[in-house]
Amino acid sequence: MKRLLMFFLCLSLPILAPSSAVAAEFASEEDFAQWLTGYYRHPEPARVSEAFRYAAANGLLQEPAFGMLFTGFIAGVFRDNPEKVPAWQAEWLRLDAATANSEADDDDDRAARGRANMIFFALWYAEHPELRQMARALEEKNDDLKFLAGTIRDYHENARSLEDIPINQGEWVVRALWGKFYATGEVAALERTLQALPWEKYPDSAEYGNQPLGTIFAPQQIGRAAHWMLSDAAYLNPQMLERCKAFLEKTRDAAIAEALRSIIAEVTKAKAAAAP
């Protein structure tokens with residue numbers, strides 16, 4: 001359980017040093033993390049732009065692990081607040097690229113492209129036809145989105161939601177699904193990630209699903225990401241530990257059950273060792 005701070009949700013994301021570029025709305029990175037991971041219990045769409053600015057100002061959006069989780073979070077927020085999306089999109093695309101360690105123009109350009117990609121992806125999987133149309137309109141104005149849009153069309157254009165994306169496409173799918181859970185609290189997103197748990201120990205058991213190219217991307221790494229996300233969340237949140245136990249009672253898959261038992265035992269042991 002040494003992975004916990006700066007956010008368990010980011011897994012190996014390093015702690016970023018404070019800088020003058022850091023937005024002032026959130027008191028600390030821990031404050032931001034607590035708000036993000038607890039959003040589904042107390043949704044605050046009025047603070048979503050504040051969160052986006054904070055993540056951009058601290059360079060978090062350029063960290064692959066956190067960036068994909070936050071993209072899934074934004075997709076869930078978009079789905080539940082479609083009327084707010086046009087204003088959010090306009091504001092976020094205009095943000096100055098103020099990251100914790102960037103001064104050069106190419107860093108600014110890279111940050112701006114990353115924000116556009118995130119917004120496009122979240123619009124595409126926000127589960128509203130009008131928002132997907134907004135994504136297409138954004139692509140028409142921004143040539144930098146052509147690669148991402150082409151990848152989506154090649155691999156999973158017919159996916160209506162994040163849950164429809166084949167989880168074997170990479171650990172980024174696991175992170176995006178967890179982000180959606182933090183936005184919506186919907187168990188379906190977490191249940192989807194359970195399918196990858198056995199792959200950490202039994203990578204040969206990974207299924208190809210509807211992967212068009214007949215390839216699977218690092219199943220052991222995908223399984224490990226699913227394990228870390230669930231075990232760290234269960235360590236920090238007693239309700240998540242109980243949810244793991246509920247998943248265990250519900251599953252009929254022996255390999256998933258084995259992985260869940262291991263996670264429950266790992267978390268229980270770690271919490272006992274940390275108790276005063």
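Side-chain atoms are counted along with the backbone in the values below, which use heavy atoms only and exclude waters and symmetry mates.
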How close do [X] and [Y] get, heavy atom to heavy atom, and via which atoms?
X	Y	value
M118	G67	CE-O, 3.5 Å
A122	I74	CB-CG2, 3.6 Å
F120	A149	CZ-CB, 3.7 Å
A189	L177	CB-O, 3.4 Å
F66	A55	CE2-CB, 4.1 Å
F78	A126	CB-CB, 3.7 Å

Once rounded to the nearest 0.5 Å, what's the spacing between atom [atom1] of [X] and atom [atom2] of [Y]?
X	Y	atom1	atom2	result
E200	S205	CD	OG	11.5 Å
L131	I119	CG	CD1	12.5 Å
S231	L241	OG	CG	11.0 Å
W124	L162	CH2	CG	13.5 Å
I222	R175	CD1	CZ	10.5 Å
Q220	R224	CD	CZ	5.0 Å

* To do: Carefully, step by step, assess D143 and K146 under the rule side-chain contact (heavy atoms from CB on, under 4.5 Å).
  => CA-CA 5 Å; D143 288 339; K146 300 298 184 186; 3.5 Å; yes

For [X], check salt bridge (charged side-chain N to carboxylate O under 4.0 Å, His left out) against everything at least two apart and list the hits.
X	answer
E191	K250
K271	none
E140	none

Give a yes or no answer on whether the side chain of [X] reaches the backbone of [Y] with a donor-acceptor pair at less than 3.5 Å.
X	Y	value
N142	L138	no
R192	I165	yes
Y54	E29	yes
N58	L60	no
R113	D144	no
T251	F247	no

With the side chain counted from C-beta on, respond yes when [X] and [Y] share a heavy-atom pair under 4.5 Å apart, and no when they do not.
X	Y	result
R53	E91	yes
I263	L197	yes
T71	M68	yes
V173	N168	no
L69	M229	yes
W92	R115	no
E44	E50	no

* Which class fits the ring pair W172 and F121: parallel under 30°, tilted 30 to 60°, perpendicular over 60°? ->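 W172 and F121: perpendicular rings.
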
* Aromatic rings F52 and F70: how do their planes relate, parallel, tilted or perpendicular, breaks at 30° and 60°? ->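 F52 and F70: tilted rings.
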
* **Test log, rule side-chain contact (heavy atoms from CB on, under 4.5 Å), inputs M240 and L190** => CA-CA 11 Å; M240 192 62 69; L190 294 191; 4.0 Å; yes

* **Residues in ring-ring contact (aromatic ring centres under 6.0 Å, His included) contact with Y40, at least two apart in sequence or another chain** =>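 For Y40, the residues satisfying ring-ring contact (aromatic ring centres under 6.0 Å, His included) (neighbours in sequence not counted) are F181.
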
* **Within one Ile-Leu-Val-Met-Phe-Trp-Tyr cluster: L194 and Y202, side-chain cutoff 4.5 Å** =>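 No, because L194 and Y202 fall into different hydrophobic clusters, even though each may have its own neighbours under 4.5 Å.
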
Side chains of residues 83-90: which donor-acceptor partners sit under 3.5 Å, not counting sequence neighbours?
none

* **Sole residue of F32, Y39, Y182 in ring-ring contact (aromatic ring centres under 6.0 Å, His included) with F73** =>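 Of F32, Y39, Y182, ring-ring contact (aromatic ring centres under 6.0 Å, His included) with F73 is met by Y39 alone.
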
* **Sequence neighbours excluded, every pair satisfying salt bridge (Lys or Arg N to Asp or Glu O under 4.0 Å) that has a member inside residues 180-190** =>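 Residue pairs passing salt bridge (Lys or Arg N to Asp or Glu O under 4.0 Å), neighbours aside: R79-E186, E127-K180, E163-K180.
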
* Charged N to carboxylate O below 4.0 Å: is that the case for E242 and K245? ->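 The answer is yes: the pair qualifies as a salt bridge.
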
* **Lys/Arg cation over aromatic Y125: R132, 6.0 Å, 45° cone** =>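 Because its charged atom sits under 6.0 Å from the ring centre and within 45° of the axis, R132 does stack over Y125.
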
